[in-house]
Amino acid sequence: MDSEKKQAILFVDDEESILSVASEYFQRKGYQTLTARTGPEALKILANETVDCCFTDINMPDMNGLELAERIRTHDNTMPVIVMTGYPSLENAIQTIKNGVVDFLIKPVDLKQMELCVQRVMQQRKMLVENVLLKKEVEGKRRLRKVNQELLVKVKELNILNKIMKKFAAISSSTDVFKRAVDIALDISRADHTHIYVINEAVQQPVKVSSSSAESACGAVSSGGKTAYEDPQTPSTANPKPLRAALIMEVVSDQIPLLISENKKNNGLPAEISSAMIVPLQIRDKVFGVITAIVYQGSKRFAEKDLYYLSFLAQSAAQAIENLALYENIYENLFATLYAFVKAVEARDLYTRLHSSRVTGLSIVLGKQLGCSKEELDILNFAGHLHDIGKIGIRDDILLKPGRLTDDEFEKIKDHPVIGANILEQLGLWERERQIIRCHHERFDGSGYPDGIKQQDIPFLARILSVADVYDAMASDRAYRKKMEDSVIIKIINEGDGTQFDPEVVAAFNQAFKAGRITQYMKTGEI
Ligand SMILES: [Fe+2]
């Protein structure tokens with residue numbers, strides 16, 4: 001810090017825990033801190049003390065954060081006020097500009113983020129104060145306008161981030177939350193290693209899902225290099241044993257954070273670990289995992305305060321995971337509803353019953369053969385089940401017609417990929433899956449429908465689904481014919497190599513068939 005006098009930060013929040021954690025953290029970083037639980041209390045402090053920067057919550061009784069910001073501005077228009085909110089909205093964002101707020105952070109806010117924010121706004125304030133003092137009112141106002149303009153940009157950015165966040169919630173997994181949590185835990189506790197374990201209920205054992213590690217500064221453990229955020233299982237033979245599973249399970253059943261400051265004999269720690277913390281992760285009353293921090297060597301020992309920080313972090317992480325789970329649930333419900341429609345369509349026709357389910361299974365067999373990622377297999381699973389959902393929009397007399405279709409009727413049937421893609425588009429979801437549904441009747445040589453696109457323009461997963469779809473159609477009885485012999489089907493699929501189908505997928509199909517995986521799936525449903 002460049003001034004000899006400590007910079008003072010005022011924290012205003014009606015949650016005691018936030019005040020004390022933030023206050024502790026910033027004191028350790030060399031700031032003077034002041035706290036207030038309400039707006040009026042904050043104003044009282046401001047009247048009597050010198051404050052350089054203020055963090056305030058938005059939702060508080062008596063006076064909300066935006067009113068407080070407005071009052072501060074009339075009192076001292078150079079003081080940076082940072083608003084922290086759980087629910088950023090455009091209205092709030094616009095209001096904050098009017099009230100002279102210089103920045104705002106989305107809750108749960110991590111301490112590092114707050115610190116960076118303080119450094120930034122202090123710098124801005126310094127410039128602002130210099131401007132006001134040295135270059136008179138006019139110049140100062142110009143600067144203020146500039147700050148406001150910057151804020152407008154920030155608001156825009158925030159809105160975009162907010163949108164992305166909402167979208168991300170659909171695809172991002174709990175894994176991201178875990179990774180973030182172990183990284184922050186490592187930072188705040190200055191541990192050598194932090195881990196998150198999730199409890200496998202069936203076997204009552206912890207399973208490691210994420211970890212973060214810092215370079216050990218000295219001695220035998222030191223392996224050199226920079227801070228490594230990697231899986232500790234792989235890197236170092238020098239890294240000693242992790243915590244014993246039994247110790248973790250004890251914390252899980254007690255539901256109480258455990259602090260072992262000093263490794264004395266019989267406390268359950270391996271000899272290599274000198275200090276450890278284990279904090280349960282729980283949603284409502286249920287413990288689903290733990291976050292752990294360990295120190296191997298050196299003088300660092302965890303204290304009560306470290307345990308307090310780690311518990312606070314565990315709470316935030318669990319909250320984020322719960323939110324994610326709720327979100328995932330909504331998506332699962334929506335998927336279940338859509339698939340129920342597909343089954344209803346299939347049920348009308350004895351011959352297509354379970355067709356979508358089999359096409360999904362076959363696509364996954366082929367996807368695995370082609371080395372698809374887990375994410376791609378998930379997309380295939382989704383798109384496979386719903387690929388014919390557009391048939392819901394086709395009249396029964398055409399859809400269920402036992403004989404061959406007339407040209408006109410066939411044209412109607414050809415609408416189903418577009419109808420299906422439109423259904424998903426209206427929900428504004430599942431972009432990649434939507435493309436696959438739209439393209440599952442495209443042909444590799446461009447003679448398919450609805451768009452007549454070819455080769456690489458057809459999404460790869462749609463090219464896989466197309467082979468699975470045709471295989472199942474031929475391998476099942478139809479109203480107008482019996483199912484075909486495998487040898488005939490294979491011949492037909494290979495005749496389509498490069499015209500109807502992607503050669504790469506046909507090759508994978510041939511391999512999977514030779515290995516018996518297709519027949520096994522059709523007979524047993526096993527992939
Ligand atoms: Fe189809």
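Ligands are counted one by one from 1 in listed order, and the atoms in each one are counted from 1 as well. Side chains included, hydrogens not; waters and symmetry mates left out as well; all remaining heavy atoms used. Values in this document were obtained by computation on a predicted structure and should not be read as measured data. Residue numbers start at 1 and run along the sequence shown.
Here His440 meets the criterion, with an N, O or S atom under 2.8 Å of the Fe ion (ligand 1).
Inspection of the Asp408 and Thr406 side chains reveals no N or O donor paired with an N or O acceptor under 3.5 Å. Under 3.5 Å, the side chains of Tyr471 and Asp486 contain a donor-acceptor pair of N or O atoms.
The residues Glu409 and Lys412 are annotated as not salt-bridged, no charged nitrogen and carboxylate oxygen being separated by less than 4.0 angstrom.
The N, O or S atom of Asp388 lying closest to the Fe ion (ligand 1) is OD1.
The angle that His441 NE2 and His416 NE2 make at the Fe ion (ligand 1), rounded to 10°, works out to 90°.
Two rings, from His355 and His387, have their centers less than 6.0 Å apart.
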